[in-house]
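Okay, structure first, notes after.
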Amino acid sequence: MFQKILIANRGEIALRVLRACKELGIKTVVVHSTADADAMHVRLADESVCIGPPPSRDSYLNIHQIVAACEITGADAVHPGYGFLSENAKFADILAAHNITFIGPSGDHIRIMGDKIEAKRTAKRLGIPVVPGSDGAVSEEKEAKRVAAEIGYPVIIKASAGGGGRGMKVARTEADLEVALATARSEAGAAFGDDAVYIEKYLEKPRHIELQVFGDGAGRGVHFGERDCSLQRRHQKVWEEANSPALNEEERARIGGICANAVADLGYSGAGTIEFLYENGEFYFIEMNTRLQVEHPVTEAITGIDLVHEQIRVASGGGLSVRQEDIKFNGHAIECRINAEDPRTFTPSPGTITHFHTPGGLGIRVDSGVYSGYRIPPYYDSLIGKLIVHGRNRVECMMRLRRALDEFVVDGIKTTLPLFRDLVGNSDIANGDYDIHWLEKYLAKTE
Ligand code: ADP
């Protein structure tokens, strides 16, 4: 087992990882920017190293500084959290070259999944169902038209190097295709420095359903069921649930089995999430994230398994603590992402939190790094906390969530809490009847 883990992240996820390390008796080092000197994870860590000024590129993305911090403190492993360097293959390779363990998959696996064309090709080879589309990059208009005619309109053009929902264009007719192809390519080139794009069938009303998987790096793979993250705004997840209100046990076992076998075949190591669009009973692979997800706590709530413990165990060579048959799903869980944003316009609302009171009681978990008197720096993501509620079934979970949202107090800044108070009383949400466009339509209607 590791002696000392360096946490290369900030905010709630840095604290989340720190808690897991403490429970495993592992010493912790955190790195932070000058803007985060007062952060909770810095206060609670055994050691901290300031690695630079506020902008992420000079601090949380500064590989040299982070490697130097490992060497100075003698850390033998790095947990990257999510975002920042968590899916940076070069970072994983550099750590390996310094004999420091990256708590995550190999650089090669990160690289494959970071290139969406390669990821889709790999998924297909591993028996994962994919969205019908081009067999690789498409640059010629003639070929684009041929592929689109074959799969049928509407189609979506996506950047191979894409991420965060950027660089995607929908074409509903052949006349749209020419413009869509040209704009998608130039936007992809400008945003990612790579203008390779591919074409897929555009699904009109899918749900976003993702499978939590783990590989032990030695040919064993398991799945921890799915999460439904269909409630999104601008492709950003807002509310997540486990399990999905749309799946039955048989579908769960079938797609879960496919995903577990795929990570086993790949020789994948650590946590991963295989994301699908789901429509009319069919799953369509869109991408694989090779890291811990923001929404992992809903899976922890219904399985009772600490996924960060598992990541650390696997990375240290100790293997997974569970076999597939040990993973049982108990009840229902929902996570609300609480952002420091205006609940209507979603513009960031940094500033000082004058009062912070979290709900409690059975089935309530709040993951947050903020506190009364904390000043939210304007440089980073606006996520300030996550409310995770567990109940014996979805109805109990929703009732408990409503109660917990009423108790939650964040004063001094605007947050998205009022949005969740509206959603929890909505009949479509109560019925689990929503797709990936539901939230945007709801927001437009209630403007
Ligand atoms: P990114 O890596 O940029 O997040 P994804 O491939 O995960 O890109 O897609 C992000 C979102 O775009 C999906 O959650 C979905 O809302 C939409 N999307 C992607 N592919 C399709 C498709 N074939 N049909 C309909 N919507 C899609």
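Start at 1 and go down the list; that is how both ligands and their atoms are numbered.
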Notebook entry, point to check: Would Arg111 and Asp93 count as a salt bridge (charged side-chain N to carboxylate O under 4.0 Å, His left out) if you check the C-alpha gap in whole Å, the side-chain angles of each, and the deciding distance to 0.1 Å?
Noted result: CA-CA 11 Å; Arg111 220 167 265 121; Asp93 289 344; 2.4 Å; yes
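A salt bridge links Glu241 with Arg394: the distance from a Lys NZ or Arg NE/NH1/NH2 to an Asp or Glu carboxylate oxygen falls below 4.0 Å. Contact check on Lys386 versus Glu12 returns a salt bridge, with a Lys/Arg side-chain nitrogen under 4.0 Å from an Asp/Glu carboxylate oxygen. Salt-bridge formation is detected for the pair Arg16/Glu300: a Lys NZ or Arg NE/NH1/NH2 atom is positioned less than 4.0 Å from an Asp or Glu carboxylate oxygen.
With a 6.0 Å radius and a threshold of 12 heavy atoms from other residues, nucleotides or ligands, Tyr379 has its OH atom at or below the threshold.
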Within the protein, flag every N or O under 3.5 Å from an N or O of ligand 1, and note the pair and distance.
| unit_1 | atom_1 | unit_2 | atom_2 | d |
| --- | --- | --- | --- | --- |
| ligand 1 | 2 (O) | Lys116 | NZ | 2.9 |
| ligand 1 | 2 (O) | Glu287 | OE1 | 3.2 |
| ligand 1 | 2 (O) | Glu287 | OE2 | 3.2 |
| ligand 1 | 3 (O) | Gly164 | N | 3.2 |
| ligand 1 | 3 (O) | Gly165 | N | 2.5 |
| ligand 1 | 4 (O) | Gly165 | N | 3.3 |
| ligand 1 | 6 (O) | Lys116 | NZ | 2.8 |
| ligand 1 | 6 (O) | Lys158 | NZ | 3.0 |
| ligand 1 | 7 (O) | Glu287 | OE2 | 2.9 |
| ligand 1 | 8 (O) | Lys116 | NZ | 2.8 |
| ligand 1 | 12 (O) | His235 | ND1 | 3.4 |
| ligand 1 | 16 (O) | His235 | ND1 | 3.4 |
| ligand 1 | 20 (N) | Lys158 | NZ | 2.9 |
| ligand 1 | 23 (N) | Glu200 | OE1 | 3.0 |
| ligand 1 | 23 (N) | Lys201 | O | 2.9 |
| ligand 1 | 24 (N) | Leu203 | N | 2.9 |

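Ring planes of Phe283 and Tyr278: tilted class, angle from 30 to 60°.
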